[in-house]
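Keep in mind that the numbers below use all heavy atoms, side chains included, and drop hydrogens, waters and symmetry copies.
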Number of protein chains: 2
Amino acid sequence: MFKALADPTRRLLLDLLFSRDGRTLGELEVEVEMTRFGVMKHLRVLEEAGLVVTRRSGREKLHFINPVPIRLVHDRWIDKYTERHVAALVDVKNELESEHVDH
Amino acid sequence: MFKALADPTRRLLLDLLFSRDGRTLGELEVEVEMTRFGVMKHLRVLEEAGLVVTRRSGREKLHFINPVPIRLVHDRWIDKYTERHVAALVDVKNELESEHVDH
DNA sequence: ACCGTATGTGACCAGAAGGTCACATATCAA
DNA sequence: TTGATATGTGACCTTCTGGTCACATACGGT
């Protein structure tokens, strides 16, 4: 899941699918500086991570974004690191740059 | 940033620092099945990604978690994929399994 | 049936990433 | 200052990853 998000091309593909869902491989291919094989691999990674779901329509394969797992990351992981600190987080950066006294 | 989060060891290190901040390399080393060199590399990646900030204290180097960039991901990226879909997201999975009509 | 189009598979290669080690430097304490 | 402790550096190796290609299959239209 995190590994799927680690690659910029895959994030771009997610962005493309976010702006318009249900595209085929061919439609996505033209948007990226890469052969369709590379795109295929990336889509496969995204699909295995559950970030993208697909549906065949004839000889075409339609790709849809799946917000569920992203929501899970949001709920289970991101919040863990934000909620607890967010109160003291007026400007942690400044605090650190001046003098990191306590924490 | 995403690449920094992609490795399980680094997420573990973040977890450790989350539970208790300001640890030294040696303190973190004993928690992980790895030599200190490996841990050092991972901490370096986390630091370069801005997820961890450090402060020297004598011969020790203290590591602190930095919630700021995680918050940025939350605000700039995660929300983009959740907010828009979250209304129609009672159970997208079922919707897809039965028949993906529109979106 | 045939041709064009859309997608799939496996081999292959270069480079990045994860991990270890020998060696080096810096600090504390006696 | 001498020794023990804490961290740093560069070389090195192995495995994973990103990307391409030759070839194969599947479907649609005419």
For atom [atom1] of [X] and atom [atom2] of [N], their distance in whole Å:
X	N	atom1	atom2	result
Arg36(A)	dT5(C)	CZ	C1'	10 Å
Phe2(A)	dC16(D)	CZ	P	21 Å
Met34(B)	dT20(C)	CE	P	6 Å
Glu60(B)	dT27(C)	CD	C1'	10 Å
Leu43(A)	dG19(D)	CG	C1'	14 Å
Leu28(B)	dA6(D)	CG	C1'	13 Å
Phe37(A)	dT7(C)	CZ	P	12 Å
Leu62(A)	dT7(C)	CG	C1'	12 Å

Give a yes/no answer on whether the side chain of [X] brings an N or O atom under 4.0 Å of OP1 or OP2 in [N].
X	N	value
Lys61(A)	dG8(C)	yes
His42(B)	dG19(C)	yes
Thr35(A)	dT20(D)	yes
Arg56(A)	dG8(C)	yes
Arg59(B)	dA29(C)	no

- Task: Answer yes or no: is there a donor N or O on one side and an acceptor on the other, between the side chain of Arg11(A) and the main chain of Phe2(B), under 3.5 Å?
- Result: no

- Query: Is a side-chain N or O of Arg10(B) found less than 3.5 angstrom from the main chain of Lys3(B), in a donor-acceptor match?
  - Reply: yes

- Note: Leu16(B) and Glu31(B) closest approach over all heavy atoms is CD1-CB, 3.6 Å

With a 4.0 Å cut-off on heavy atoms, is [X] in touch with a base, just the backbone sugar-phosphate, or nothing at all?
X	result
Arg10(A)	sugar-phosphate
Met40(A)	base
Gly58(A)	sugar-phosphate

- Note on the structure: 5'-most contact on DNA chain D (nearest-nucleotide basis), Leu25(B) vs Thr9(A), goes to Leu25(B)

- On DNA chain D, check which nucleotide each of Ser57(A) and Thr24(B) is closest to and give me the residue with the more 5' one. Thr24(B)

- Residues at least two apart in sequence or cross-chain that pass side-chain hydrogen bond (donor to acceptor under 3.5 Å, both in side chains) with Glu47(A), listed by chain then number, are Thr54(A)

- Task: Check whether any side-chain heavy atom of Val52(B) sits under 4.5 Å from a side-chain heavy atom of Asn66(B), and report yes or no.
- Result: no

